[in-house]
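Residue numbers start from 1 in every chain, and the chains themselves are labelled A, B, ... in the order their sequence lines are given, proteins ahead of strands. For clarity, every value in this text was computed on a predicted model and none was experimentally measured.
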Amino acid sequence: MGIQFYNTYNRRKEEFKPIKEGYVGLYTCGPTVYDYAHIGNFRAYIFEDLLRRYLLYRGFEVTQVMNLTDIDDKTIKGCNTKGISLAEYTKVFKDAFFEDLDTLKIARATHYPEATTHIKEMVDLVKRLLDKGVAYRMGDSIYYRITEFPNYGKLSGMKLEDLKTGARIDAEEYEKETAADFALWKGWDEDDGDVYWETELGKGRPGWHIECSAMSMKYLGETFDIHCGGVDNMFPHHENEIAQSEAATGKRFVNYWLHNAHLMVEGKKMAKSFNNFYTLKDLIDQGLHPMAVRYVLIATHYRQQLNFTFDGVNAALASLQRLWDFYTNVEESSGGDSGGQIGSITHEAEEKFTSALDDDLNISPALAAVFDMVKAANRVMAEVGLSEDDKKILLKALDGFDSVLAFVKPPEEAKIIDEEVERLIQARVDARRNKNFEEADRIRDQLLTQGIILEDTKSGTKWKRKVE
RNA sequence: GGCGGCUUAGCCAAGUGGUAAGGCGGAGGUCUGCAAAACCUCUAUUCUCCGGUUCGAAUCCGGAAGCCGCCUCCA
């Protein structure tokens with residue numbers, strides 16, 4: 001059996017069949033750049049990173065598109081409050097976003113289209129909807145008439161009649177034919193200040209939903225394979241994307257909809273008022289290791305609500321340390337021969353890893369497969385050692401897992417060491433040779449305070465950088 | 001009010017009808033000058049609770065409690 005995904009659209013797991021064999025078109029809802037992204041946002045991006053990396057691991061070619069929403073109520077309000085241009089205002093958060101992606105080792109998407117540079121595509125799409133009669137003009141704005149779309153509500157399981165209660169009523173609602181109709185184009189008003197475009201549709205700016213339809217179709221075609229986002233985007237955002245896209249093209253918009261659950265922090269909903277609202281930078285500044293954050297965010301299945309705790313991050317770091325120690329121990333091992341054991345151990349791990357992730361990215365059994373391999377191979381190393389072939393096989397398997405998880409290999413900075421530290425290590429080796437253990441222990445303690453951990457092994461003294 | 005999800009060991013987390021993966025933490029042991037790493041042994045007679053179906057249920061059905069989410073621009 002091939003890969004299966006839980007498709008929100010049909011509320012069940014389905015075998016994944018790409019439109020074009022061996023190729024996947026993937027659209028992932030990106031950030032609104034009005035503020036620094038928080039760890040809840042990054043849970044979504046890490047899930048999407050896992051998805052993309054796994055598809056590559058399974059041999060697919062992937063085009064991933066992630067939008068940058070740089071025009072909406074919040075960005076307009078932000079730049080006008082600060083009295084700077086929209087571009088100046090959003091640049092700060094765009095730059096920070098990409099820095100954060102690097103920190104978490106989230107691989108770059110193929111395209112990061114910005115809404116402000118795709119106004120023409122959006123205008124064209126709105127015109128198509130006007131031509132088809134599913135959009136209507138009201139004042140200077142243009143709305144989508146949802147009663148024209150028979151499947152409206154299919155994705156989110158909402159019924160049109162149920163949408164009335166609980167909905168906030170905005171002044172503009174009164175202008176619309178139906179309260180649930182949504183804006184495709186918003187006519188300029190004074191609060192927008194200098195933020196507007198003069199287009200065939202008039203002076204104003206695009207509505208929020210239209211950017212994802214216009215930009216996904218531009219880069220991926222009118223029908224594409226996978227669209228991801230957080231559960232909160234199911235309604236109304238993705239519902240509206242489907243309605244406007246399918247009404248315009250007459251074709252199915254997306255084949256597989258994947259939605260990730262939210263996270264909580266220390267058992268509570270993350271909110272500024274609970275004082276548990278964190279950006280990635282907040283956590284790194286508190287000394288949390290980025291890879292431990294990545295581990296925590298990836299280790300809970302994406303459709304399961306995740307409880308982010310500081311204890312969890314510490315536990316994750318200990319798990320990572322085990323993986324990293326294993327990786328270097330394999331690299332440095334020598335002079336043995338498993339007699340083929342390593343081959344079957346890695347083979348079994350790879351099989352389990354793949355069958356787990358094939359099943360809707362079931363991460364827990366996949367991680368268990370990696371740790372089972374570590375344990376089994378450690379045992380072989382302790383008992384009979386590894387041959388050069390064994391090492392190659394193991395390192396190849398680890399690199400394969402790392403291409404998906406990105407935290408299996410030790411961080412590069414762990415390899416850098418300065419001359420003074422090198423001198424101290426040598427001094428300690430000499431002290432031990434002379435049985436001067438007091439001096440040896442003193443040097444070891446001193447290095448530990450500098451974050452260097454020493455291990456005396458059969459093949460000599462090894463060091464590693466302490467992570468915390 | 002409408003709709004949906006979750007509840008498994010000290011913590012995190014798999015398991016969706018056949019008798020509880022994995023990680024962290026903890027205890028003991030081997031190795032070591034002592035450590036570290038690694039290895040070995042142990043760490044849930046039981047899956048929020050109450051009923052039911054079944055030869056058999058963490059898994060299916062009904063009910064209760066608790067937590068969480070969506071219901072117009074929040075991943």
Side-chain angles (χ1 to χ4, degrees), chain A residues 11 28-32 37-48 69 72-74 153 156-159 161-170 172-173 179-183 207-209 228-237 239-240 259-264 267-271 295-296 299-301 303-307 309 311-323 325-326 328-329 352 356 362-372 374-375 377-383 432 435-438 440-441 444-445 448 453-458 461-464:
Chain A
R11 307 273 154 164
T28 50
C29 274
T32 301
H38 56 72
I39 51 169
N41 298 118
F42 286 109
R43 190 207 184 172
Y45 307 140
I46 281 191
F47 145 62
E48 290 153 359
T69 299
D72 81 317
D73 291 350
K74 287 179 187 147
S156 57
M158 298 277 184
K159 292 194 192 79
E161 312 85 74
D162 298 335
L163 296 178
K164 283 174 274 185
T165 48
R168 274 176 266 164
I169 301 296
D170 190 297
E172 70 174 358
E173 306 282 351
D181 286 352
F182 58 92
W208 174 43
H209 312 293
C228 301
V231 281
D232 54 300
N233 276 158
M234 245 160 73
F235 186 89
H237 185 49
E239 199 74 69
N240 292 349
H259 291 97
N260 63 279
H262 280 185
L263 64 68
M264 298 195 295
K268 283 192 289 193
K269 176 178 165 177
M270 182 169 71
Y295 189 102
V296 165
T300 296
H301 184 82
R303 282 190 289 113
Q304 175 91 20
Q305 196 167 58
L306 182 157
N307 185 16
T309 65
D311 280 351
V313 176
N314 288 331
L317 188 61
S319 303
L320 289 174
Q321 189 59 256
R322 181 169 165 83
L323 293 177
D325 283 344
F326 178 70
T328 34
N329 288 343
K352 284 185 177 166
N362 197 356
I363 190 72
S364 288
L367 289 174
V370 175
F371 281 104
D372 283 343
V374 168
K375 191 174 189 80
N378 263 330
R379 184 177 194 162
V380 170
M381 270 196 278
E383 285 172 359
R432 287 186 74 226
K435 302 263 191 275
N436 185 353
F437 297 122
E438 216 170 290
D441 290 350
R444 185 169 61 193
D445 291 345
L448 184 60
I453 297 172
L454 297 186
E455 297 175 3
D456 300 318
T457 72
K458 278 178 293 194
T461 297
K462 297 195 311 188
W463 63 273
K464 68 182 180 190

Practice task
Mind calculating the distance between CZ (A:Phe326) and C1' (B:C39) to the nearest angstrom?
Solution key: 13 Å
Practice task
Considering only atom P, compute the distance from B:U46 to B:U41 and round it to an integer number of Å.
Solution key: 24 Å
Exercise for the section: Find which nucleotide of RNA chain B each of A:Glu383 and A:Asn240 is nearest to by heavy atoms, and output the residue with the more 5' nucleotide. Expected result: A:Glu383
Practice task
Tell me what A:Lys269 touches on the nucleic acid: a base, only sugar-phosphate, or nothing, going by heavy atoms under 4.0 Å.
Solution key: sugar-phosphate
Fill in the blank from the handout: Paired to B:G25 by Watson-Crick or G-U wobble criteria (both distances under 3.5 Å) is B:U43
Problem - Student check: side-chain heavy atoms of A:Lys464 and A:Thr328 closer than 4.5 Å - result: no
Exercise for the section: Describe the nucleic acid contact of A:Asn41 in one word from base, sugar-phosphate, nothing, applying a heavy-atom distance below 4.0 Å. Expected result: base
Exercise for the section: Indicate yes or no for a side-chain donor-acceptor contact from A:Gln305 to the backbone of A:His262 under 3.5 Å, with no hydrogens or angles considered. Expected result: no
Exercise for the section: Please work out if A:Leu454 contacts a base, only the sugar-phosphate, or nothing of the nucleic acid, heavy-atom cut-off 4.0 Å. Expected result: base
Completion exercise
Judged by nearest nucleotide, the residue sitting upstream toward the 5' end of RNA chain B, A:His301 or A:Asn378, is A:His301
Practice task
Just compare B:A37, B:A75, B:A21 and give me whichever is closest to any side-chain atom of A:Asp325.
Solution key: B:A37
Problem - For B:U53, the Watson-Crick or wobble partner whose two distances fall under 3.5 Å - result: none
Practice task
Provide the distance between the two P atoms, one in B:G56 and one in B:U43, to the nearest whole Å.
Solution key: 29 Å
Handout entry: Separation of B:G69 C1' from A:Asn233 CG (nearest whole Å)
Key = 13 Å
Problem - Value in whole Å for how far the C1' atom of B:U72 lies from CG of A:Asp232 - result: 12 Å
Handout entry: Between CG on residue A:Asn378 and CD on residue A:Glu383, distance to nearest 0.5 Å
Key = 11.0 Å
Handout entry: Residue A:Val231, side-chain atoms from C-beta onward, closest of B:G33, B:A14, B:G69
Key = B:G69
Exercise for the section: For nucleotides B:C39 and B:G23, find the distance between their P atoms and express it as a whole number of Å. Expected result: 10 Å
Handout entry: Selected nucleotide, minimal atom distance to A:Met264 side chain, candidates B:C73, B:C68, B:C12
Key = B:C68
Practice task
State, with a plain yes or no, whether a side-chain heavy atom of A:Tyr295 is found less than 4.5 Å away from one of A:Leu367.
Solution key: yes
Exercise for the section: Measure from CD on A:Gln304 to P on B:U16 and round the result to the nearest Å. Expected result: 14 Å
Practice task
Measure the distance between the ring centre of A:Phe437 and the centre of the six-membered base ring of B:G33, then answer whether it is under 5.5 Å with planes under 30°.
Solution key: yes
Handout entry: Under 3.5 Å donor-acceptor pair, A:Asp441 side-chain atoms to B:G33 base atoms
Key = yes
Handout entry: d(CG, A:Leu263; P, B:G69) in whole Å
Key = 11 Å
Completion exercise
From NZ of A:Lys268 across to C1' of B:C6 the rounded distance in Å is 19 Å
Problem - Candidates B:A14, B:G23, B:A75 - which lies nearest the side chain of A:His38 - result: B:A75
Exercise for the section: Please report, rounded to the nearest Å, how far the P atom of B:G33 is from the CG atom of A:Asp456. Expected result: 9 Å
Problem - Per A:Arg322 side chain, nearest of listed nucleotides B:G22, B:C39, B:A13 - result: B:C39
Practice task
Take atom C1' in B:U16 and the same atom in B:A21, then report the distance between them in whole Å.
Solution key: 15 Å
Practice task
Indicate, with a heavy-atom threshold strictly under 4.0 Å, whether A:Ala315 touches base, sugar-phosphate, or nothing.
Solution key: sugar-phosphate
Exercise for the section: With the side chain of A:Gln305 defined as its heavy atoms from C-beta on, choose the nearest nucleotide among B:G22, B:A14, B:C68. Expected result: B:C68
Problem - Length of the CE-P vector between A:Met270 and B:A75, whole Å - result: 10 Å
Exercise for the section: Scan A:Lys375 against the nucleic acid and name what it touches under 4.0 Å (heavy atoms): base, sugar-phosphate only, or nothing. Expected result: sugar-phosphate
Exercise for the section: Show your working on salt bridge (Lys or Arg N to Asp or Glu O under 4.0 Å) between A:Arg444 and A:Asp441 and close with a plain yes or no. Expected result: CA-CA 5 Å; A:Arg444 185 169 61 193; A:Asp441 290 350; 3.4 Å; yes
Practice task
Would you indicate, yes or no, if B:C68 has its OP1 or OP2 atom less than 4.0 angstrom from a side-chain nitrogen or oxygen of A:Asn307?
Solution key: no
Practice task
Using a heavy-atom cut-off of under 4.0 Å over every strand shown, decide if A:Asn314 touches base, sugar-phosphate, or nothing.
Solution key: nothing
Exercise for the section: Sort out the partner of B:A58 for me: Watson-Crick or G-U wobble, both distances under 3.5 Å, none otherwise. Expected result: none
Practice task
Return yes if some donor-acceptor pair links the side-chain N/O of A:Asn362 with the main-chain N/O of A:Ala356 below 3.5 Å, else return no.
Solution key: no
Exercise for the section: Please state the P separation for the pair B:C55 and B:C50 - nearest whole angstrom. Expected result: 23 Å
Handout entry: B:A13 and B:C6, which share atom name C1', separated by this distance in whole Å
Key = 14 Å
Problem - Rounded distance in Å between the C1' positions of B:U8 and B:U48 - result: 10 Å
Practice task
Report the nucleotide, chosen from B:C34, B:G22, B:U72, that has the shortest atom-to-atom distance to any side-chain atom of A:Asp372.
Solution key: B:G22
Practice task
Give one of base, sugar-phosphate or nothing for A:Gly312, where a contact means two heavy atoms less than 4.0 Å apart.
Solution key: nothing
Exercise for the section: Measure from the side-chain heavy atoms of A:Pro365 and tell me the nearest of B:A21, B:C68, B:A14. Expected result: B:A14
Problem - Span that lies between the C1' atom of B:U7 and that of B:A14, in whole angstrom - result: 15 Å
Practice task
Could you label the plane-to-plane angle of the A:His209 and A:Phe182 rings as parallel, tilted or perpendicular, counting under 30° as parallel and over 60° as perpendicular?
Solution key: perpendicular
Practice task
Would you mind pulling out the nucleotide paired to B:U72, Watson-Crick or G-U wobble, both distances under 3.5 Å?
Solution key: none
Fill in the blank from the handout: d(A:Asn260 CG, A:Thr300 OG1) to nearest 0.5 Å is 12.0 Å
Exercise for the section: Classify the nucleic acid contact of A:Arg379 as base, sugar-phosphate or nothing, counting any heavy atom under 4.0 Å across all strands shown. Expected result: sugar-phosphate
Handout entry: Residue matched to B:A38 through Watson-Crick or wobble contacts both under 3.5 angstrom
Key = B:U30
Exercise for the section: Using a cut-off of strictly less than 4.0 Å, decide whether A:Ser319 has a side-chain nitrogen or oxygen near OP1 or OP2 of B:C24. Expected result: no
Handout entry: Donor-acceptor contact present, side-chain A:Asn314 to main-chain A:Asp311, <3.5 Å
Key = no
Exercise for the section: Identify which nucleotide among B:A14, B:G69, B:A36 has an atom closest to any side-chain atom of A:His262, counting heavy atoms from C-beta outward. Expected result: B:G69
Practice task
Look up atom CG in A:Leu448 and atom CD1 in A:Ile453, then write down how far apart they are to the nearest 0.5 Å.
Solution key: 6.0 Å
Practice task
Check every atom of B:C39, B:G33, B:G2 against the side chain of A:Met158 and return the nucleotide holding the closest atom.
Solution key: B:G2
Handout entry: Any donor-acceptor N/O pair under 3.5 Å between B:C34 base and A:Arg444 side chain
Key = yes
Practice task
State whether the distance check finds a donor on one side and an acceptor on the other, under 3.5 Å, for side chain A:Arg432 versus base B:G33.
Solution key: yes
